[in-house]
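Please read all numbers here as calculations on a predicted model, not as lab measurements.
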Amino acid sequence: MPESIRIGDYALSPAASGLDATGYAKIGEFELSDFLTRWDSIHDDALQVVPERIHPTAQVHPTAIIGEDVIIGPQVRVHEFSTVRKRSILAAGVSVGFGCEVTHSFIGENTVLGHQVGIGHSIVGADAHLSANLVIAAISLWNYDMRVPVKEIVVHGTGAEPPYRCAAPRFGGLIGDHVQTGSMITLGPGIAVGRHSAIAAGVCTGSTIVPARSVVRSSAPDMIIEPRRT
């Protein structure tokens, strides 16, 4: 298990989202746990400097619910009955499908969320395609009261090394650039998926690291991760 997880090893910083004057412009330079502990202040600072919280070229369906602390970039589309809330960022070109919920998450440029996708406290890279009925959970089931989580999220490797500590009780996943998923998938809390990886339909897995250019074919505990050939 690495002692450090650098966001830039998974996800690019946004280049065309109007975030140049904010901390998000350098999100790729952050160490993951450092970013998670500073996320709220980074976002609050961004709200003070972005010229337009919702870019005029964005298309938000009238039935969608957008929180007052959400930043939406150019050419974003948010479809019917979706909710985006709690300090979320939709970078340029993002498409949010029907009936999704995005909570306190950064969604990278040109990423597509299929219908009924639920993402919480996660970082998703650019040009990812997350298909319908995917959930990225952010809170450990083993909290005494899940409304007030205190159990720290950790990321486990495949060996006996100590887990990577996220220094936060809420963290869903770090999903790399160009990641593709099938449908009916549950991930997290505490997953990191490398660039250009694919996750097959029906997979359910929590805290783990998926190397770049891998295919996840089955669920934990007997998870099969293979090199991706294309």
Side-chain angles (χ1 to χ4, degrees), residues 1 5 10-11 32 36 79 81-86 88 90 94-108 111-125 127-147 149-158 163-166 168-226 228:
M1 177 60 57
I5 294 178
Y10 290 79
L32 177 59
L36 294 178
H79 290 83
F81 305 109
S82 287
T83 299
V84 186
R85 63 194 185 105
K86 287 191 176 180
S88 287
L90 303 181
V94 165
S95 177
V96 177
F98 175 97
C100 294
E101 181 175 346
V102 179
T103 300
H104 205 310
S105 292
F106 176 90
I107 311 298
T111 281
V112 174
L113 306 185
H115 301 326
Q116 297 180 318
V117 170
I119 297 178
H121 294 263
S122 295
I123 301 163
V124 181
D127 296 292
H129 194 289
L130 308 184
S131 295
N133 294 291
L134 174 140
V135 173
I136 304 178
I139 298 172
S140 172
L141 177 63
W142 309 117
N143 282 283
Y144 177 75
D145 184 348
M146 292 183 69
R147 297 169 298 180
V150 296
K151 184 175 177 60
E152 182 184 18
I153 303 301
V154 298
V155 182
H156 292 279
T158 56
Y164 173 84
R165 307 184 71 89
C166 294
R170 290 181 173 91
F171 172 59
L174 173 55
I175 310 299
D177 304 322
H178 300 279
V179 165
Q180 296 175 303
T181 72
S183 61
M184 304 298 292
I185 289 172
T186 301
L187 304 176
I191 191 167
V193 182
R195 288 186 172 99
H196 296 280
S197 290
I199 301 177
V203 165
C204 178
T205 188
S207 168
T208 192
I209 288 182
V210 176
R213 297 186 179 277
S214 295
V215 178
V216 181
R217 298 196 180 277
S218 60
S219 301
D222 300 318
M223 188 166 55
I224 298 173
I225 301 177
E226 303 173 342
R228 188 171 183 177

Peer 1: Do you know which two heavy atoms are closest between S140 and I153, and how far apart they sit?
Peer 2: N-CD1, 3.9 Å
Peer 1: So S183 and L134, do their side chains get closer than 4.5 Å, heavy atoms only?
Peer 2: no
Peer 1: Side chains of V102 and L113: does their closest heavy-atom pair fall under 4.5 Å?
Peer 2: yes
Peer 1: Please find the pair of heavy atoms, one from L36 and one from C166, that lie closest to each other, and give the distance.
Peer 2: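 The pair with the smallest heavy-atom distance is CD1-O, 3.7 Å.
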Peer 1: Which atom names give the shortest non-hydrogen contact between S197 and P211, and what distance separates them?
Peer 2: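 What the structure gives for the nearest pair is OG-O, 2.9 Å.
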Peer 1: Indicate the ring-plane relationship of H115 and F98, choosing parallel, tilted or perpendicular according to the 30° and 60° boundaries.
Peer 2: perpendicular
Peer 1: May I ask you to test the Y10-V179 pair for a side-chain heavy-atom distance under 4.5 Å?
Peer 2: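 Side chain of Y10 against side chain of V179, heavy atoms only: no contact under 4.5 Å found.
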Peer 1: Can you name the residues that form a side-chain contact (heavy atoms from CB on, under 4.5 Å) with S131, not counting sequence neighbours?
Peer 2: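 With sequence neighbours excluded, S131 shows a side-chain contact (heavy atoms from CB on, under 4.5 Å) to H129, T181, given in chain and number order.
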Peer 1: Taking the side chain as everything from C-beta on, heavy atoms only, tell me whether I136 gets closer than 4.5 Å to I175.
Peer 2: yes
Peer 1: Excluding sequence neighbours, so at least two apart, what forms side-chain contact (heavy atoms from CB on, under 4.5 Å) with P169?
Peer 2: P149
Peer 1: On a heavy-atom basis, which atom in R85 and which in T83 lie closest, and how many Å separate them?
Peer 2: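 Heavy atoms only, the tightest pair is CD-CG2, 3.7 Å.
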Peer 1: Is there side-chain contact between V155 and I191, with heavy atoms separated by less than 4.5 Å?
Peer 2: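 No, their side chains stay 4.5 Å or more apart.
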Peer 1: Return the CD1 to CZ distance between I123 and F171, rounded to the nearest 0.5 Å.
Peer 2: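 So the CD1 of I123 and the CZ of F171 are separated by 5.5 Å.
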Peer 1: T208 versus H156: any side-chain heavy-atom pair under 4.5 Å?
Peer 2: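 With C-beta onward as the side chain, the pair stays apart.
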Peer 1: Can you name the side-chain contact (heavy atoms from CB on, under 4.5 Å) partners of S82, sequence neighbours left out?
Peer 2: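 Per chain and number, S82 pairs via side-chain contact (heavy atoms from CB on, under 4.5 Å) with V78, V96, C100.
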Peer 1: When rounded to the nearest 0.5 angstrom, what is the spacing between CG in D127 and NE2 in H178?
Peer 2: 4.5 Å
Peer 1: Checking side-chain contact (heavy atoms from CB on, under 4.5 Å) for the pair V124/L130: CA distance, chi angles, key distance, verdict?
Peer 2: CA-CA 10 Å; V124 181; L130 308 184; 4.3 Å; yes
Peer 1: Can you tell me how far CG of L90 sits from OG of S105, rounded to the nearest 0.5 angstrom?
Peer 2: 9.5 Å
Peer 1: Taking C-beta and beyond as the side chain, do V150 and Y144 meet within less than 4.5 Å on heavy atoms?
Peer 2: no
Peer 1: Does the side chain of I5 reach to within under 4.5 Å of the side chain of I209, using non-hydrogen atoms?
Peer 2: yes
Peer 1: Is it the case that the side chain of T111 and the backbone of V94 share a donor-acceptor pair, with hydrogens and angles ignored and the cut-off at 3.5 Å?
Peer 2: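 No, T111 side chain to V94 backbone: no donor-acceptor pair under 3.5 Å.
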Peer 1: Provide the closest heavy-atom pair for S88 versus V84 in the form atom of the first, atom of the second, distance.
Peer 2: CB-CG1, 3.7 Å
Peer 1: Return the set of residues passing ring-ring contact (aromatic ring centres under 6.0 Å, His included) with H104 (not counting sequence neighbours), or none when no residue passes.
Peer 2: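 Here the qualifying residues are W39, H121.
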Peer 1: Would you please name every residue forming a side-chain contact (heavy atoms from CB on, under 4.5 Å) with M184, sequence neighbours left out?
Peer 2: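 Once residues adjacent in sequence are excluded, the partners of M184 under the side-chain contact (heavy atoms from CB on, under 4.5 Å) criterion are N133.
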Peer 1: Looking at H79, I want to see if its NE2 is surrounded by more than 12 non-hydrogen atoms of other residues, nucleotides or ligands under 6.0 Å.
Peer 2: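 Yes, enclosed.
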Peer 1: For the pair D145 (side chain) and R147 (backbone), establish whether a donor and an acceptor sit closer than 3.5 Å, ignoring hydrogens and angles.
Peer 2: yes
Peer 1: Quick one: CZ on R170 to NZ on K151, what's the gap to the nearest 0.5 Å?
Peer 2: 15.0 Å
Peer 1: Taking salt bridge (charged side-chain N to carboxylate O under 4.0 Å, His left out) as the definition, give me every residue that meets it alongside D177, ordered by chain and number, with sequence neighbours left out.
Peer 2: R195
Peer 1: For T103 and I119, what are the C-alpha separation, side-chain angles and deciding distance, and is it a side-chain contact (heavy atoms from CB on, under 4.5 Å)?
Peer 2: CA-CA 6 Å; T103 300; I119 297 178; over 6 Å; no
Peer 1: Would you please test V135 and L187 for side-chain contact (heavy atoms from CB on, under 4.5 Å) and show each step?
Peer 2: CA-CA 6 Å; V135 173; L187 304 176; over 6 Å; no
Peer 1: Mind checking the CD1-OG spacing from I199 to S214? Nearest 0.5 Å is all I need.
Peer 2: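 So the gap between those two atoms works out to 10.0 Å.
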Peer 1: Show the nearest heavy-atom pair for residues G125 and A11, with the distance to one decimal.
Peer 2: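 In this case the closest contact between G125 and A11 is CA-CB, 3.7 Å.
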